[in-house]
Structure formats: C-alpha cells, structure tokens
Amino acid sequence: MQYLAINPAILVATVSNGYIAFHAITQHIHQLNPVAALLLELCDGVRSKAEVFEFVRDAVGAQRGAENLLQHWLDQAIAADLLHERNVASSYPMPPSKELNGPELARLAARLRETGWIDVAFQCQARASQLLPGDAEVCRHHGELAYMLGFHEQARDAYTQCLLINPDDAELKHLLDSLDTAETRDLTTLHERVPSDYIRQLYSRFSTFYETNMVDELGYEGPQRLLEVILKSIGPRRQLIVLDLGCGTGLAGKLVRPLASRLVGVDLSPEMIDIAQSSGLYDELHVAEVCDWIRSSRESFDLIIACDTLIYMGDLQQIIEPAAASLEPYGNIAFSVELGHGQGSPYRLSDSGRYVHTLEHIKQTASNNNLQLTRHSNAFLRMEYGNKVRGLFVSLSKS
C-alpha cells in the first residue's frame, strides 16, 4: 500500500486569494488552488493514497476523469518534492497550514516579485500591509505591485497610507497626482513638468542600479535609436559641441562622444552626475534643472540631445525655446519621448508618473521656434512590467 506524506520542508500558507506552498530548502514557491491545498493537508503520511482519493472525491464530487487529474497532480507534487511517497505509514509531522506574520510575508513577496510571480507577490504584500500598517516600505511595495497589476484604486490606497507615514515623500506625492490625473485627464491642476524633488529622490535611489536595470533587465534601446536619428540628421559633420540634457550616467553620452569635440552634461541628480563623472566621457558636468541651466548658459551648441529626459515635461515649449536659442546655425536638437496617440491632447501625464507626447505637439513646438522636423522614428524604447514601451525619436534642425 502506498502512503503520501508532505515534505517537512514545505510550508503551506494562506494568502488572500488561495494558498502557496513554500519549499524552505529549494526556495521554490508553488501556487495552490483549494483542491491542491486540501490534498497537501490530507497527505499526512498516515492516510493511504486510496484513502486520500476517496476523501477528495467525497469532498469535491465525483467528476468524469477526476481520478486521473488527481493522480496527475500528485505525480507533479512528488516530482516537485512537495510530497514523499512511501510503502509504509510515515511518522512525518504535518506542518500546519498557517498565516505567516507580516515580515515573513513581506520577504516572501519580495522573493516572488524577483521570480516573476507578481500576482501571488501582490497577495502576500497586501496581507503584509494589513499586518504592518505603520511600515512605509511595506505599504510602498504594496502600491507598486498593485500598480503593476493595474489595480489603481488599491495602489492609490497603499500610497496614501505610505504618505501618512512619510508626509514629505516627493515620489509618493507625484505618483498619487499621476494616478489621479490619468483617471480624470485633468492637466489644469498640475505643473507643466514633474517636480524636481521627485526626480532627485527617484534617481538618488535608482542611481546605484540604473544601468543594470535599464539595459540588462528592461532592454533599454533609447540611446541607440536616438543615435540613428542623429546620424541621419547631421550627415558627415563631426567635431561638434554637444550638450547632453538629463545626461544621467552617460548611456547616450557614450554613443555621441565620437561625434563631439566637446561634450557637456547636465542632470538634476548629483548621484547620477557622480557616475557620469567617473566615466570620463564629459568635458564638463553640471548638477541643475535642465530648463533653468540652458536659459542661464551663455554657450552655444551644434547638437543638443535629451534621451529619456523630456518625459518629465508636459508642454515641450519650455525646453525647446531656450534650446533653440542656444543652437548654432544648422544645429540640431535630438530627443526622445514616450509615444502617446489617440489621447485627445498633445501631451498628458500618464499613471506611470511620466508624460507622453504626440508627434503633432512636437511639430507644432518646432514650428513655434523656427525649427524644422528633419527626422523622426517610432520605435521600441524599453520594457515596463512585461509590456513594450514605444518612443518617438526626433531631430529638429535650425536652418
């Protein structure tokens, strides 16, 4: 006779929409439906396989092919080391199905998120947030996971709770504004650009893993796509004086450096500027808000680039006007934005906290500043939460 016993290394825990089985040795996590959880409970090493089958049939009803399905699941559970099969009754203790405490759930949610189990991670994080209402990081991660799954109301509630704990958090304030604006489509209550405090706080945290995250994890192609537009616009010209607005760590600067006799970078984040400084790419670097810096600068440039920078601005007039004034004759402004279309407005703040723009807005802004749209492309920018983000890559020339 065959007996089934749950592996003592397995912890069965409840989450808000079901159950999970966590293997403490392999660190693997398995999502369980109620029948699977019941099977694990029944496999206590004392009941035979036949007794388990009979109990489950009585509990869930005899359905055609049910026994084959049960056998298939048990085979999978044995292969995954959830269950051990023995020929004699086992004395394994049955670990209780239990509710993990808040810190345990938060750690489990982080592990699930890293391995791509976003839906189960959200359930664990939501419960952790209930158990730890005063923990700002737990609430923040709850909001992030809710946003990733499109649960905007729950994201808003989590961010609001976090903001009660940290009322001066600039990131949370802007994310809440973004969620509200995306829902109401009302731009009149917002500034024409993302608050500087938000950008500084975001990239202070982001700077240490920015390049790894963007290039390796999100497949970021912005600098390459922008370079393609630039090369088609400038032709054979080289030895250019180049300004890199929102230069970050230098991902775009690295590609335009061969075109430049002089390369100047400006960024709002001192942490990002420190990394750019260590690269040795730039002749000069400044920590400043890009619109303010270019308005106050007395230098003129052959090429001004802004890769993934103007996503933090609404009306592009605020940056194109001073940039155009700083261009040498026949100079170019090349930039990327996230693509927005069919939105009923030339630009809008999305629920991501960034602006999206239409090509029509770019054309109108160019015309307003006596610039010509010489090149543009609509191409893949990067991934975000498993979805492809498309960008507009544009070059404007001063004739």
S.K.: Which pairs pass ring-ring contact (aromatic ring centres under 6.0 Å, His included) with one or both residues in residues 235-267, sequence neighbours excluded?
M.R.: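 Of all non-adjacent pairs touching residues 235-267, none passes ring-ring contact (aromatic ring centres under 6.0 Å, His included).
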S.K.: State, to 0.1 Å, how close Val337 and Ile311 come at their nearest heavy-atom pair, and which atoms those are.
M.R.: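 Shortest heavy-atom contact: CA-CG2, 4.2 Å.
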S.K.: Does a salt bridge link Asp292 with Arg295, judged by any charged N lying under 4.0 Å from a carboxylate O?
M.R.: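 Judged by the 4.0 Å cut-off on N to carboxylate O distance, Asp292 and Arg295 do not form a salt bridge.
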S.K.: Are the side chain of Asn332 and the backbone of Ser395 linked by a donor-acceptor contact shorter than 3.5 Å?
M.R.: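 No.
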S.K.: Is there a ring-ring contact (aromatic ring centres under 6.0 Å, His included) between His142 and Phe122? Walk through the geometry before answering.
M.R.: CA-CA 7 Å; His142 179 200; Phe122 168 73; 5.6 Å; yes
S.K.: Output side-chain donor-acceptor pairs under 3.5 Å for residues 387-394, partner residues at least two apart or in another chain, one line each.
M.R.:
residue: Arg390; atom: NE; partner: Asn378; partner atom: OD1; Å: 2.9
residue: Arg390; atom: NH2; partner: Asn378; partner atom: O; Å: 3.0
residue: Arg390; atom: NH2; partner: Asn378; partner atom: OD1; Å: 3.4

S.K.: May I have all residue pairs that pass ring-ring contact (aromatic ring centres under 6.0 Å, His included) and include part of residues 246-292, sequence neighbours excluded?
M.R.: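 Listed once each, the pairs are His286-Trp293.
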S.K.: My understanding is that only residues two or more places apart in sequence, or in another chain, count here; which of them pass ring pair (Phe, Tyr, Trp, His ring centres under 6.0 Å) with Tyr210?
M.R.: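 Checked Tyr210 against ring pair (Phe, Tyr, Trp, His ring centres under 6.0 Å); matches are Phe206.
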S.K.: Between Glu192 and Asp315, is there a donor-acceptor pair closer than 3.5 Å when you use the side chain of the first and the backbone of the second?
M.R.: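 Here the side-chain-to-backbone pair exists.
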S.K.: So, Gln364 and Asn368: side-chain donor and acceptor under 3.5 Å apart, yes or no?
M.R.: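 Looking only at side-chain atoms, Asn368 and Gln364 do form a donor-acceptor pair, the distance falling under 3.5 Å.
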S.K.: To the nearest 0.5 Å, what is the distance between NE2 (His30) and CG (Asp81)?
M.R.: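 The CG atom of Asp81 is 8.5 Å from NE2 of His30, to the nearest 0.5 Å.
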S.K.: Go through the structure and list residues passing side chain to side chain donor-acceptor pair (under 3.5 Å) with Asp267, not counting sequence neighbours.
M.R.: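 Result, side chain to side chain donor-acceptor pair (under 3.5 Å) vs Asp267: none returned.
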S.K.: Do the side-chain N and O atoms of Glu289 and Ser196 include a donor-acceptor pair separated by under 3.5 angstrom?
M.R.: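 No, because no side-chain N or O of Glu289 sits under 3.5 Å from a partner of the opposite role on Ser196.
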S.K.: Taking ring pair (Phe, Tyr, Trp, His ring centres under 6.0 Å) as the test, write out the residues that go with Phe380, two or more places apart.
M.R.: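 Expected list: none.
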S.K.: Would you say the side-chain atoms of Ser367 pair up with the backbone N or O of Lys363, donor to acceptor, closer than 3.5 Å?
M.R.: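 Flag not set: sc Ser367 to bb Lys363 has no pair under 3.5 Å.
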S.K.: Yes or no on salt bridge (charged side-chain N to carboxylate O under 4.0 Å, His left out) for Lys173 and Asp197, after CA distance, side-chain angles and deciding distance?
M.R.: CA-CA 10 Å; Lys173 290 177 181 178; Asp197 287 348; over 6 Å; no
S.K.: Please determine, by modelled atom types, if His141 and Glu144 share a side-chain donor-acceptor pair under 3.5 angstrom.
M.R.: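 Distance-only check passes for His141 and Glu144.
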S.K.: Glu271 and Ser269: side-chain donor and acceptor closer than 3.5 Å?
M.R.: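 Yes, Ser269 and Glu271 have a side-chain donor paired with an acceptor closer than 3.5 Å.
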S.K.: What I want to find out is whether Asp302 reaches Arg262 closely enough, with some N-O distance under 4.0 Å, to be called a salt bridge.
M.R.: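 No, this pair does not count.
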